[in-house]
Amino acid sequence: MSHAIIASQLDAQANQVLREQLADHEVIDIAPSALAIEVPADVLILRPVNIRGQRVDSPPAGWPWNLKWVQLVSSGIDFYPDWVFNGPQVTSGKGANAEQVAEFALALVFAAAKQLPGLWVRDADWRLTPLAQVRGRTLGVLGFGSIGQSLARKAVALGMHVLALSRPGQAIAEVPGVQRVDSLQQLFAGSDHLVLAAPLTAATRGLINRQVLAHARPGLHLINIARGGLLDQQALLDALDSGLIGRASLDVTEPEPLPAGHPLYHHPRVFLSPHTSAISEDGYPALLDAFIANFHRYREQAPLANLVDTARGY
């Protein structure tokens, strides 16, 4: 294949890494909000399109231009409109942010067990507070892809018991110390902390509903670092009010951001973060490594890794 042109919506630092690693090819900086390419690029690295209330349901003029391959920045495909997939082959960023997302989920477990940030003393009212242990507690993981597996290994190393349930149709990978369960009901009933790490697909939308939450171990700490659409948020609020769910740590909601005044902002046992668990101050090292390895496959006309299957939903 001849000289390639890569149009990238990554930041300048990441694009410079690509230039250094792929010196025989051209990397063009594209603004994150831009959906137009002025050069005959054959590869596009694309950030999420439908975010923060924005929707682009019609393709830009001339789509898909000269493109032969689109690399998505994110693991999931739900932030991209359908037209992105009606053109050249598309690969996802699957697995590229697994370690930082798993670390974030584990930090939320520690925050709950150690009552952070509420424990910090701000005046002379010093109260000794009994704190829960993490070791010996049970962590449930729904979705056992790269994030779920990374989280499970970290939790096992800390002495936690780990229960795992894969998304429909996916076998559970063998991770020492992890016990497979057969149903959502078992997972919720057996967990002290439970992390949602499954992709949002037609099959998983609204999966965690009122009936599932009813099986929760009383006081369960529910963590969602996947997608807000997995969870019935009103059912969660009701379960929090009843005391069945003790705490909810949500890095994702639906929509994002929530409208002003939404009850999740104000509930005393809800802890919201702005979908930030996958964002690292180190940039995109794992994504860049995966892209460069895939680029060599592309140049050799070999099958690409992490090809998106829209029928499957990821």
Side-chain angles (χ1 to χ4, degrees), residues 48-57 72-86 90 92-95 97-98 101 105 140-148 151 164-172 181-188 191 194-216 220 222-240 244-245 248-259 262-264 267 270 272-278 306-314:
V49 176
N50 290 343
I51 56 172
R52 300 184 189 92
Q54 170 184 291
R55 292 199 61 84
V56 184
D57 292 323
L72 307 183
V73 171
S74 62
S75 300
I77 68 172
D78 49 303
F79 290 147
Y80 297 88
D82 292 342
W83 53 262
V84 169
F85 308 99
N86 296 329
V90 179
S92 74
K94 178 182 176 184
N97 58 17
V101 175
V141 182
L142 174 63
F144 213 59
S146 53
I147 294 172
L151 176 59
L165 178 65
S166 63
R167 56 185 177 258
Q170 182 201 37
I172 283 284
V181 296
D182 298 319
S183 69
L184 281 169
Q185 290 77 13
Q186 281 182 278
L187 189 68
F188 273 74
S191 300
L194 197 155
V195 176
L196 306 183
L200 181 62
T201 68
T204 61
R205 178 170 289 281
L207 184 66
I208 310 306
N209 56 24
R210 197 172 302 275
Q211 290 72 36
V212 171
L213 292 172
H215 287 84
L220 172 71
L222 183 63
I223 299 169
N224 192 358
I225 44 79
R227 290 292 188 267
L230 293 172
L231 178 62
D232 180 335
Q233 292 174 165
Q234 184 56 55
L236 171 63
L237 284 164
D238 293 343
L240 286 161
L244 182 58
I245 302 296
S249 298
L250 309 176
D251 190 47
V252 291
T253 60
E254 191 171 73
E256 292 180 0
L258 293 168
H262 194 283
L264 285 173
H267 199 288
V270 173
L272 289 175
S273 51
H275 202 153
T276 196
S277 62
N306 290 339
L307 279 167
V308 167
D309 181 343
T310 54
R312 186 179 57 189
Y314 52 90

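The analysis underlying the following values was restricted to heavy atoms, covering all of them including side chains, and did not include hydrogens, waters or symmetry mates. A quick note: this is a predicted structure, and the numbers were derived from the prediction, not measured.
To the nearest 0.5 angstrom, Thr201 atom OG1 is 12.0 Å from Arg227 atom CZ. Atom-to-atom distance recorded for Leu207:CG and Leu200:CG is 10.0 Å, nearest 0.5 angstrom. Atoms OG and CG, on Ser273 and Asn224 in that order, are 10.0 Å from each other to the nearest 0.5 Å. With rounding to the nearest 0.5 Å, the separation of CG in Asn209 from CG in Leu236 is 12.0 Å. Of the inter-residue distances, the one linking Phe188 atom CZ with Ile245 atom CD1 reads 6.5 Å to the nearest 0.5 angstrom. Atoms CZ and CD, on Phe79 and Gln54 in that order, are 12.0 Å from each other to the nearest 0.5 Å.
Contact annotation: the side chain of Val73 approaches that of Tyr80 to within less than 4.5 Å [non-hydrogen atoms, C-beta and beyond]. Contact check for Ile208 versus Leu184: side-chain heavy atoms found under the 4.5 Å cut-off. Side chains of Leu250 and Leu231 form a contact here, defined as non-hydrogen atoms less than 4.5 Å apart. A 4.5 Å side-chain heavy-atom check between Leu272 and Leu258 finds at least one atom pair inside the cut-off. Proximity of Leu72 to Val84: side-chain heavy atoms (C-beta onward) are separated by under 4.5 Å at one or more points. Side-chain contact check for Leu213 versus Leu222: some heavy-atom pair is nearer than 4.5 Å. Under the 4.5 Å side-chain criterion, counting only non-hydrogen atoms from C-beta, Ser191 is in contact with Leu220. Put simply, the side chain of Trp83 reaches to within 4.5 Å of the side chain of Val56, judged on heavy atoms.
When all heavy atoms of Val141 and Gly148 are compared, the closest pair comes out as CG1-CA, 3.8 Å. Here the closest non-hydrogen pair linking Thr276 and Asp251 is N-OD1, 2.9 Å. Asn97 and Ser75 get closest at one heavy-atom pair: OD1-OG, 3.8 Å. A pairwise comparison of heavy atoms in Val252 and Ala226 identifies CG1-O, 3.5 Å as the closest pair. In plain terms, the two heavy atoms of Leu165 and Asp182 that are nearest each other are CD1-C, 3.9 Å. Minimum interatomic distance between Ile147 and Ala197 (heavy atoms only, all atoms of both residues): CG2-CB, 4.3 Å.
Counting only N and O atoms by type, the side chains of Ser92 and Asn306 include no donor and acceptor under 3.5 Å apart.
Counting only distance, with no hydrogens or angles, the side chain of Thr204 and the backbone of Pro199 share a donor-acceptor pair below 3.5 Å. Panel note: side chain Gln233, backbone Glu254; a donor-acceptor pair is recorded below 3.5 Å.
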